[in-house]
There are 2 protein chains.
Amino acid sequence: MHRTFTIGELAAEFGVTARTIRHYEELGLLRPQRRGQARIYSAADRTRLKLILRGRRLGFSLGESREIIAMYDPEHGNAQQLRRLLERIGEQRTLLEARLADLHAMLAELEEVEGGCRAALAQVRAPTARRAGGGSSSN
Amino acid sequence: MHRTFTIGELAAEFGVTARTIRHYEELGLLRPQRRGQARIYSAADRTRLKLILRGRRLGFSLGESREIIAMYDPEHGNAQQLRRLLERIGEQRTLLEARLADLHAMLAELEEVEGGCRAALAQVRAPTARRAGGGSSSN
DNA sequence: GCGAGAGTTGACGTTAACGTAAACGGCATA
DNA sequence: TATGCCGTTTACGTTAACGTCAACTCTCGC
């Protein structure tokens with residue numbers, strides 16, 4: 001008996017509103033089953049939602065997320081389509097690696113600032129030996 | 001003579017419109033000098049713009065970018081402020097590392113799909129020897 | 001001295017991604 | 001049976017991040 005989820009459960013789990021999840025369905029990113037009127041989400045639906053939200057955190061639009069997810073579930077038969085898919089995977093990876101570089105740069109700078117900050121704090125807390133120059137650090 | 005830039009130059013360099021750059025100024029993220037009416041951007045302004053756009057690629061809002069940039073330029077004197085800044089740097093780093101994990105997960109999955117895709121393509125192009133069973137990889 | 005090209009200030013328009021409110025249905029329980 | 005608590009649809013509202021005019025102003029090159 002495969003576990004299923006209600007919209008409220010998923011909303012609580014991922015920290016979004018039910019409206020948000022319904023919105024993704026309106027855009028065709030989710031297709032839960034129905035039990036009467038009520039939506040019933042499968043584990044696969046839950047995974048898709050997780051992917052969408054991960055994409056969102058990384059700044060992808062819902063349209064982009066749709067395309068990414070489309071690559072994930074295999075629905076491609078002939079060689080032509082497979083080659084096209086490989087092409088798009090390559091593009092996507094290039095994009096992701098660029099963002100990876102952005103992120104690393106950001107982290108590096110952040111740690112640099114942190115270092116300077118710690119140094120300044122040490123100066124403030126222990127204004128002992130000092131080089132030539134005034135006391136207040138002008139910039 | 002420190003190099004300066006016009007709005008058109010920056011727009012061309014970073015692939016955005018002048019309107020976008022002015023918009024960032026409206027929100028207080030940039031404060032170029034003026035030569036009469038015209039904006040004159042310094043190298044520092046250009047760097048700030050680069051940071052904003054990097055943040056944008058990573059899905060940060062302009063408000064978030066403003067805060068991040070605020071951490072970068074040091075304008076904090078006393079120990080209290082420094083500690084507060086260190087705190088915020090820590091939060092920010094936690095956030096960035098979470099996104100880093102997201103990105104790595106995404107890349108890993110993408111490469112997994114790529115592997116399956118190449119395998120399928122090989123099957124299609126050379127449907128020679130085959131193992132027992134269907135051949136389609138179930139998940 | 002004038003036209004082209006780049007820049008400027010309003011000010012309204014647009015799109016994505018939801019928020020929010022109204023009006024309703026089903027079911028558990030006090 | 002009434003009172004919540006979930007869930008549903010429909011539909012308009014909101015916010016962020018610009019796009020898109022219109023109407024000017026400089027400044028250069030001829």
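For the numbers below, each heavy atom of this structure counts, side chains included, while hydrogens, waters and symmetry mates do not.
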Self-check item: Full working for side-chain contact (heavy atoms from CB on, under 4.5 Å) between B:L96 and A:L103
Solution: CA-CA 7 Å; B:L96 287 180; A:L103 246 176; 3.6 Å; yes
Self-check item: B:R3 and B:R46: CA distance, side-chain angles, deciding distance, side-chain contact (heavy atoms from CB on, under 4.5 Å) verdict
Solution: CA-CA 10 Å; B:R3 165 100 206 255; B:R46 177 172 166 279; over 6 Å; no
Quiz item: How does protein reach along nucleotides 4-25 of chain C, written 5' to 3' as B (base within reach of a heavy atom under 4.0 Å), S (only sugar-phosphate), or - (no contact)?
Solution: ---SBB-B-----BBBB-----
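B:I7 and B:I40 are assigned to two separate hydrophobic clusters, defined by single-linkage of ILVMFWY side chains at heavy-atom distances under 4.5 Å.
Geometric assessment of A:R48 against the ring of A:Y41 yields a negative cation-pi assignment under the 6.0 Å and 45° thresholds.
The salt bridge (Lys or Arg N to Asp or Glu O under 4.0 Å) contacts involving residues 56-72 of chain A comprise A:R57-B:D102, A:E67-A:R88, where partners must be two or more places apart or lie in separate chains.
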